[in-house]
Amino acid sequence: MRVKDKSIIVTGAGGGIGEGIAKRLAAEGAQVLVNDINPAAGQQVVEAILRDGGKASFFAADVTKSAEVKALVEAAVERHGKLDVMVNNAGWTHRNRPALEVGEDEFDKCYAVNVKSIYLATVHAVPAFRANGGGSFINIASTAGVRPRPGLTWYNGSKGAVITTSKSLAAELGPDNIRVNCINPVFNPDTGLAAEFAGGPLTEERKAKFRATIPLGRFSTALDVANAALYLASDEAAFISGVCIEVDGARCV
Ligand SMILES: NC(=O)c1ccc[n+]([C@@H]2O[C@H](COP(=O)([O-])OP(=O)(O)OC[C@H]3O[C@@H](n4cnc5c(N)ncnc54)[C@H](O)[C@@H]3O)[C@@H](O)[C@H]2O)c1
């Protein structure tokens with residue numbers, strides 16, 4: 001039980017990578033507050049965790065809204081008596097296409113869900129971490145933030161902002177015993193965003209072309225990312241802050 005009784009929020013945990021992180025952390029003893037903007041999806045994840053003997057509950061919140069993120073943090077403290085870890089996983093991308101064809105509304109949504117969410121999580125969770133003698137943020141960025149490719153320019157930039165912001169916060173919040181780290185997954189075809197990243201239906205041809213760029217020869221899974229999150233959330237990572245773990249089969253080298 002590597003995170004036994006830790007109080008952990010996972011945002012966007014109603015599906016995809018967040019679901020995998022929530023389940024893995026719960027299996028290792030954490031009390032998980034499953035967040036999503038979609039209550040039906042989030043509740044299903046909670047039910048699955050409870051069926052497996054884990055501890056979890058759901059809290060609906062939009063990570064782009066300050067009052068909702070505040071209420072999310074308060075719910076974790078109220079339900080678990082403290083907050084130890086916040087995994088900022090909720091994310092969104094515009095469809096893969098030329099930069100000039102992405103609308104202003106899509107740009108705004110991308111930066112709200114991917115970047116403003118980090119600002120709001122910081123503003124609202126840091127006081128709870130300070131009250132608890134420290135804490136840990138795990139921000140799900142992307143290989144897109146370090147090895148950008150054409151077609152996802154505004155998404156790539158938003159993930160670059162997540163990475164730089166996380167490093168800056170690690171430097172600033174270290175004296176409060178607050179760790180801030182990122183995980184950069186490579187493409188995962190089994191998620192809600194996969195067709196948007198690919199720019200259309202995931203044909204075998206599209207997948208094969210992308211897979212050929214990953215030295216270990218496969219895509220990432222939610223479990224791959226969850227295992228990295230488990231390490232960063234655990235006390236084994238007590239001296240690890242300001243890093244990005246690439247979960248990418250060496251794609252970024
Ligand atoms: N799938 C990939 O290939 C991949 C690769 C690298 C990084 N990522 C990142 O991983 C994270 C998870 O993405 P995923 O691929 O699992 O996507 P997904 O679409 O499968 O899951 C995202 C979840 O977030 C929720 N969500 C969306 N907006 C929200 C909001 N405003 N407030 C609360 N919840 C919200 C959705 O309802 C959904 O359940 C994202 O930050 C994404 O950028 C994904």
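Just so you know, these numbers come straight off a predicted model, no measurement behind them. One-based numbering along the sequence shown. Both ligands and their constituent atoms are indexed starting at 1 by order of listing.
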- Return each pair, listed once, that meets ring-ring contact (aromatic ring centres under 6.0 Å, His included) where at least one residue sits in residues 36-82; pairs must be two or more places apart or across chains.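 As it turns out, there is no ring-ring contact (aromatic ring centres under 6.0 Å, His included) pair with a partner in residues 36-82 once direct neighbours are skipped.
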- Is there any salt bridge (charged side-chain N to carboxylate O under 4.0 Å, His left out) pair reaching into residues 239-250, and which pairs are they, with sequence neighbours excluded?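 Residue pairs with at least one partner in residues 239-250: there are none.
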- Message: Tell me which pairs pass salt bridge (charged side-chain N to carboxylate O under 4.0 Å, His left out) where either residue lies in residues 164-173, with sequence neighbours left out.
- Response: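 Matches after skipping sequence neighbours: none remain.
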- Look at the aromatic rings of Trp154 and Phe107 and report parallel, tilted or perpendicular, splitting at 30° and 60°.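 Rings of Trp154 and Phe107: perpendicular, over 60°.
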- Under the salt bridge (Lys or Arg N to Asp or Glu O under 4.0 Å) rule, what do Arg95 and Glu196 come out as? Steps first, then yes or no, please. CA-CA 4 Å; Arg95 176 153 286 219; Glu196 302 304 306; 2.9 Å; yes
- Query: Do Ser66 and His124 pass the side-chain contact (heavy atoms from CB on, under 4.5 Å) test, and can you show the C-alpha distance, the side-chain angles, and the key distance before you say yes or no?
  - Reply: CA-CA 8 Å; Ser66 184; His124 296 301; 2.9 Å; yes
Please give the N or O to N or O pairs under 3.5 Å between ligand 1 and the protein, distances rounded to 0.1 Å.
from     : atom 1 : to     : atom 2 : distance (Å)
ligand 1 : 1 (N)  : Thr191 : OG1    : 2.9
ligand 1 : 3 (O)  : Asn188 : N      : 2.7
ligand 1 : 15 (O) : Thr191 : OG1    : 3.3
ligand 1 : 16 (O) : Ile17  : N      : 2.8
ligand 1 : 20 (O) : Gly192 : N      : 2.8
ligand 1 : 31 (N) : Asp62  : OD1    : 2.9
ligand 1 : 32 (N) : Val63  : N      : 3.0
ligand 1 : 34 (N) : Ile37  : N      : 3.3
ligand 1 : 37 (O) : Asp36  : OD1    : 2.6
ligand 1 : 39 (O) : Asp36  : OD1    : 3.4
ligand 1 : 39 (O) : Asp36  : OD2    : 2.6
ligand 1 : 41 (O) : Asn89  : O      : 2.8
ligand 1 : 41 (O) : Lys159 : NZ     : 2.9
ligand 1 : 43 (O) : Tyr155 : OH     : 2.7
ligand 1 : 43 (O) : Lys159 : NZ     : 3.1

